[in-house]
Novice: 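Next up is a structure, given as structure tokens.
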Amino acid sequence: MPHQRVIRYLSADDLADGLARRLVRAILHRQDTQGEVHLCVAGGQAATRVYEYLHDVDERTSVDPSRLHVWWSDDAFVPTGDVQRTSLRTLPLLLTAFHLDPSRTHPIPTMDGKDDADDAAYAYAQELGNTIFDICLLDVGESGAVASLFADDPSFSPHTTALAVGVTASPTPATERISLTLPEINRSHQVWLIASGAHKARAVNESLLEGSQLPAALARGTEETLWWTDQLAAAQLPSYNCSL
């Protein structure tokens, strides 16, 4: 499995700007070499800031929206229109940045018309099918969680065969959520983990320790795994990690 690499920026704004530019270039490169691109996006404050900065990247206008699919790593199991929905906050930013074709966006099912979180997870898994993400963005939580995978939750299993899972006791709002599983995340060609702020420093350090079993530590891309941090989030890491 490819080694992990840490890219460290001076500030949260530098991180968001740099990651946004790298994301656009990565999408363009893959569209040039393979055609369609499947991008999995995360919620969270740091990831959302990246989507806001996409509008400052001139190259984004060269992205072909008819060859870009957008998926979500997790979302709240709440009614459509509930402000806790990750896609409700992120989809408008991505739509305007890339002029996305709505038929190529794949939000996680809501509570409307679903019996429970497991029912919604099953529906999302059916839509995913054999999809492999070219790039999977993950916002790292304070406990080392990614998507809605929490180390102490029964729904977190590195060995499950499911593609998506219902989480019924999330420690973050909302308590019921739908999440990609770790095996589905780890099918991604590239996994990009985002961490910003001093409150993420411990999770970043512990996730990068050898033998760590935190969800963030176990999320790996088949081609590349990149950690995108600012100086505060990387404060406990050795100084020789890549800095920008």
Side-chain angles (χ1 to χ4, degrees), residues 1-23 26 40-53 73-74 86 89-90 133 135-158 167 169-173 177 179-186 188-244:
M1 184 174 290
H3 292 297
Q4 301 181 89
R5 185 158 62 98
V6 178
I7 301 173
R8 177 166 29 193
Y9 288 85
L10 289 175
S11 69
D13 286 333
D14 290 339
L15 165 61
D17 180 65
L19 202 161
R21 294 180 187 281
R22 175 67 179 270
L23 179 60
C40 183
V41 298
Q45 187 175 28
T48 302
R49 185 176 294 184
V50 172
Y51 313 143
E52 293 170 348
Y53 269 84
S73 64
D74 69 315
T86 295
R89 300 188 301 273
T90 55
F133 306 124
I135 302 168
C136 181
L137 302 176
L138 298 170
D139 196 290
V140 179
E142 292 183 50
S143 65
V146 291
S148 288
L149 301 176
F150 303 92
D152 297 328
D153 192 280
S155 62
F156 171 56
S157 171
V167 178
S170 166
T172 60
R177 306 186 67 83
S179 177
L180 295 179
T181 61
L182 185 66
E184 175 63 7
I185 289 170
N186 287 355
S188 307
H189 295 305
Q190 297 190 7
V191 169
W192 294 8
L193 299 111
I194 310 168
S196 176
H199 59 299
K200 301 292 182 72
R202 180 178 177 181
V204 171
N205 182 58
E206 292 185 359
S207 296
L208 288 166
L209 292 176
E210 185 175 354
S212 174
Q213 295 299 300
L214 292 177
L218 301 177
R220 298 291 187 93
T222 59
E223 296 177 1
E224 187 173 43
T225 304
L226 295 177
W227 282 77
W228 299 84
T229 71
D230 58 19
Q231 290 283 50
L232 293 175
Q236 298 182 25
L237 296 180
S239 60
Y240 54 76
N241 287 299
C242 178
S243 297
L244 294 174

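The first residue in the sequence is number 1, and the count goes up from there.
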Novice: Quick one, Thr172 and Phe150 - any side-chain contact, counting heavy atoms below 4.5 Å?
Specialist: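 Yes; the side chains approach each other to less than 4.5 Å.
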Novice: Which pair of heavy atoms, one from Ala46 and one from Ser196, lies closest together, and at what distance?
Specialist: CB-CB, 3.9 Å
Novice: Kindly determine whether Ile135 and Arg22 satisfy side chain to side chain contact (heavy atoms under 4.5 Å, CB included), including the steps that lead there.
Specialist: CA-CA 11 Å; Ile135 302 168; Arg22 175 67 179 270; over 6 Å; no
Novice: Working to the nearest 0.5 angstrom, can you tell me the gap between Phe156 CZ and Ser179 OG?
Specialist: 10.0 Å
Novice: For Gln45, does the CD atom sit with more than 12 other heavy atoms under 6.0 Å from it, leaving out its own atoms?
Specialist: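 No, not enclosed.
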Novice: Can you name the nearest heavy-atom pair linking Ala203 to Gly141, along with the distance?
Specialist: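 Nearest pair, atom of Ala203 first, then Gly141: CB-O, 3.4 Å.
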Novice: Calculate, to the nearest 0.5 Å, the distance between atoms CD and CG belonging to Gln231 and Leu237 respectively.
Specialist: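 So the CD of Gln231 and the CG of Leu237 are separated by 10.0 Å.
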Novice: With side chains defined as the heavy atoms from C-beta onward, is the minimum distance between Val140 and Trp227 less than 4.5 Å?
Specialist: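 Heavy-atom side-chain distance check passes, below 4.5 Å.
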Novice: So that I can tick it off, tell me whether Asp139 and Lys200 are bridged by a salt bridge, with the cut-off set at under 4.0 angstrom between side-chain N and carboxylate O.
Specialist: yes
Novice: Mind listing the closest non-hydrogen atom pair of Ser157 and Leu182 along with its distance?
Specialist: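 Where Ser157 meets Leu182 most closely, the heavy atoms are O-CB, 4.5 Å.
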Novice: Working to the nearest 0.5 Å, report the span between OG of Ser188 and CG of Leu180.
Specialist: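 Here the rounded value is 8.0 Å.
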Novice: Which heavy atom of Ala219 sits nearest to which heavy atom of Thr225, and what is that distance?
Specialist: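 Heavy atoms of Ala219 and Thr225 come nearest at O-CG2, 3.8 Å.
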Novice: Just how far is it from atom OG of Ser143 to atom CZ of Arg202, taken to the nearest 0.5 Å?
Specialist: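 It comes to 10.5 Å.
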Novice: Is the shortest side-chain heavy-atom distance between Leu138 and Ser73 below 4.5 Å?
Specialist: yes
Novice: Is the backbone of Leu208 close enough, under 3.5 Å, to the side chain of Ser212 for a donor and an acceptor to pair up by distance?
Specialist: no
Novice: A side-chain contact here means heavy atoms from C-beta on lying under 4.5 Å apart; do Thr90 and Thr48 qualify?
Specialist: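 In contact.
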Novice: Which value, rounded to the nearest 0.5 Å, describes the distance between Leu193 atom CG and Ile7 atom CD1?
Specialist: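 Separation between the atoms: 11.5 Å.
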Novice: Heavy atoms only: give me the nearest Asp74-Ser148 pair and the separation to one decimal.
Specialist: OD2-OG, 2.7 Å
Novice: For Ser207 and Ala217, which heavy atoms make the closest approach, and how far apart are they?
Specialist: O-CB, 3.1 Å
Novice: Are Phe133 and Glu184 packed together at the side-chain level, in the sense that at least one heavy-atom pair is separated by less than 4.5 angstrom?
Specialist: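 Touching, per the 4.5 Å side-chain cut-off.
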Novice: Once you round to the nearest 0.5 Å, how far does CD1 of Ile194 lie from CG of Asp230?
Specialist: 11.5 Å
Novice: Does any part of the side chain of Leu149, heavy atoms only, come nearer than 4.5 Å to the side chain of Leu218, both counted from C-beta?
Specialist: no
Novice: Is there a side-chain contact between Leu23 and Trp192 (heavy atoms, below 4.5 Å)?
Specialist: yes
